[in-house]
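Following: one structure in structure tokens, then a few remarks.
Note that the structure is predicted; figures quoted are calculated from it, not measured.
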Amino acid sequence: MRIIIKNITIVLLCIVCSTSCSDDFLEKTNPNELSTGSFWKTTIDLDNGLTSVYNAFKNINILNIAPENNRSDLNWPGFRRPNPNNQFVPYYLHTFNDSQPEINNKWSALYTTIFRANQVIVNGENLIGTFTDEEVIEFTRQMIAQARFLRGISYSYLYNMYNKGSVPIFDFVPESESDFYQPLSTADKVKAFYLADLEYAYGNLPPVWENTNDKGRITAAAAAAELGRSYLYEENYTKASEYFVDIVTNGDYGRALVANIGDNFSEAGEFNSESILEVSYSVDFKSELNAFDSQNVSNNMARTFAPANRGGFRVVQPSAWLQMAYRNEQMDLNDTRNYVPCEDGEDGCDPTTLTRLRTFSVRASQTLALVEDLDTPYYAGLTTAQSTLFNNDEPAYFRKYTNWATVDSERDFVPLSRSGINVRLVRLADVYLMLAECLIEGGSNDGGVDEAMDLINAVRYRSALQLVGLDGSGAFPSSSHDNVAYNAQSLMEHLMYVERPLELSEEGHAVRFLDLRRWGVIKQRFEDLSTRRYWADNYPFIDEKGDPATRWNSILIEGDDAPDGKFIYIDFEQAATNYNESVHAYYPIPNSEVTANPNLN
């Protein structure tokens, strides 16, 4: 841990300002520099310290979105099929080890957040006893609660990702060198530690922050969501439900699904009613910093996902099965939102209404850039075929985390690789689906099926999708349904392989990987997907100049009947062979920590 702390640039937090000289009369404290003796005296100091904790949690190494989703069934690790070559490939192949930079950087970023949070917690608790004004005491307690949430969620990430949950616990501010060398705590102790932090936040934070300047601060709802998720991951459905029900039914939280699912991924829709936990970013500040500087308040994820001709590295792309699942999503044919204006004589155009059915579902169009999508513009306001090359056997791109709706290219940002799109870690749709799982108790309780379907259908209805269940049932009887009589097991399979991956792809903290792991299906999932075969057909279109053009190998088709000369897509073949539960379910302790900490040897 010593190496981690020594590499942190700490502002206003742990500043040792005294200098030593051999002569006693020169041993003076510089009055122009801050010290721990002159700082942490007021709530302003505490709030400044808390800002530093929030800033530490902005570090994108904490989420490691590309590596974590490459470990799941959602991704193909970039361009150059069939032999991709980028830093995230070992996670897709499950060949990573303790020297991987992403594993080391994630660990470092999490403990940086914990280190800063501990200073706010310890000094806040020292300060709170000196105050007599109840409002000041309450304000101080809320700052401590925010710091404890950020420490707690950091430990929950460590617990879920490293060494089967056994990691060092820091509940104090290290002062001597030996303090940095903490031994491993048992997984049970780590879990109890972070749950206590989250419970404190849940009990001491407001449901919403009234002051607009406080937008983005942690709320009780965020703590409830993370507590519920933790208990769900342990299959304690009863306890998890308590927190999820509180979020869903407590009007003080002011939570509601937004009408347009795309508002959950755009800069324009930030801090909406669906967002429960959101990490804030901006390109308006610190433009002098390199986009990859850990002190930046922007993120650099847009170029990870964007296509090459729009300034992207496209090292994360949707896996073949996921593309097909979005392509084949059934729309509610009774819902007018699925019909768009058209010109008489256009393919599929109803001459009476001059409307036609959307090319793809709203959810698919807001998640992926698919070549035939005529209804959802892409970069520069062009259709996807016009604005994107779809070359190198790349038949789809993720729209999430990219600025496709507001810029012509990700190169428009100066310096390059900056993005101001907030990351939504938890949103209400996720809570609905987790609560649905609790109601059917993971597939074993038929008594909760109807209520669970109502929650699932609320999510599906928002995107004008065909609903699950019998025709005329549920909260939206006039909507078209799949007319299937679900039981708990079949509804659980729908949650596992349709609703959660398609609603939440690439979102949150390793949500898909952790879902597959807790369900115990990772190995068999890879084995199943590795047996599927796909190929890509060409797409003729009219380009932006009005000329005929073709996007080669851009329409993905499932099957083994590809014409001669077509490349066959096979995903997860090596992952199915390589994945070993005892080796790959968790990351090892990073080698940087093992080398630095003698108490781990």
Open item on the list: In this structure, is the centre-to-centre distance between the rings of Phe96 and Tyr587 below 6.0 Å?
Closed with: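 Here the rings of Phe96 and Tyr587 have centres that are less than 6.0 Å from each other.
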
Open item on the list: Counting the benzene-type ring for Trp, do Tyr200 and Tyr202 have ring centres under 6.0 Å apart?
Closed with: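 No - the distance between ring centres of Tyr200 and Tyr202 does not fall below the 6.0 Å cut-off.
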
Salt bridge check, [Y] against [X]: does any charged N sit closer than 4.0 Å to a carboxylate O?
{"X": "Glu68", "Y": "Lys106", "value": "yes"}
{"X": "Lys215", "Y": "Glu278", "value": "no"}
{"X": "Asp430", "Y": "Arg255", "value": "no"}

Open item on the list: Show, in sequence, the C-alpha distance, side-chain angles and deciding distance for Lys400 and Arg424, and conclude whether the side-chain contact (heavy atoms from CB on, under 4.5 Å) test is met.
Closed with: CA-CA 11 Å; Lys400 291 179 181 178; Arg424 283 70 159 184; over 6 Å; no

Does any donor atom in the side chain of [X] or [Y] lie under 3.5 Å from an acceptor atom in the other side chain?
{"X": "Asn69", "Y": "Arg512", "result": "no"}
{"X": "Asp246", "Y": "Tyr253", "result": "yes"}
{"X": "Asn64", "Y": "Glu102", "result": "no"}
{"X": "Thr402", "Y": "Tyr397", "result": "no"}
{"X": "Asp188", "Y": "Thr186", "result": "no"}
{"X": "Ser108", "Y": "Asn61", "result": "no"}

Task: Aromatic ring pairing Tyr157/His509, orientation class (parallel under 30°, perpendicular over 60°, tilted between) - done: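 Parallel: the ring planes of Tyr157 and His509 meet at under 30°.
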
- [ ] Kindly assign one of parallel, tilted or perpendicular to the pair His584 and His94, based on the angle between their ring planes and the thresholds 30° and 60°.
- [x]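 Perpendicular: the ring planes of His584 and His94 meet at over 60°.
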
Between [X] (side chain) and [Y] (backbone), is there a donor-acceptor pair under 3.5 Å?
{"X": "Ser230", "Y": "Leu227", "result": "no"}
{"X": "Ser166", "Y": "Ser185", "result": "yes"}
{"X": "Asp179", "Y": "Glu175", "result": "yes"}
{"X": "Asn597", "Y": "Asn599", "result": "yes"}
{"X": "Asn264", "Y": "Ile261", "result": "yes"}

TODO: From the options Asn300, Ile65, Thr304, Val279, select the one residue that forms a side-chain contact (heavy atoms from CB on, under 4.5 Å) with Ile60.
DONE: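 Running side-chain contact (heavy atoms from CB on, under 4.5 Å) over Asn300, Ile65, Thr304, Val279 with Ile60 returns exactly one hit, Asn300.
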
TODO: I would like to know whether Arg427 and Glu507 meet salt bridge (Lys or Arg N to Asp or Glu O under 4.0 Å); could you show each step before the answer?
DONE: CA-CA 10 Å; Arg427 56 186 177 92; Glu507 294 185 47; 2.7 Å; yes

TODO: I would like to know whether Glu226 and Asp197 meet side-chain contact (heavy atoms from CB on, under 4.5 Å); could you show each step before the answer?
DONE: CA-CA 11 Å; Glu226 288 305 309; Asp197 274 350; over 6 Å; no

Open item on the list: So, applying side-chain hydrogen bond (donor to acceptor under 3.5 Å, both in side chains) with Glu437, which one of Tyr432, Trp519, Tyr237 is it?
Closed with: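 So the option named by the test is Trp519.
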
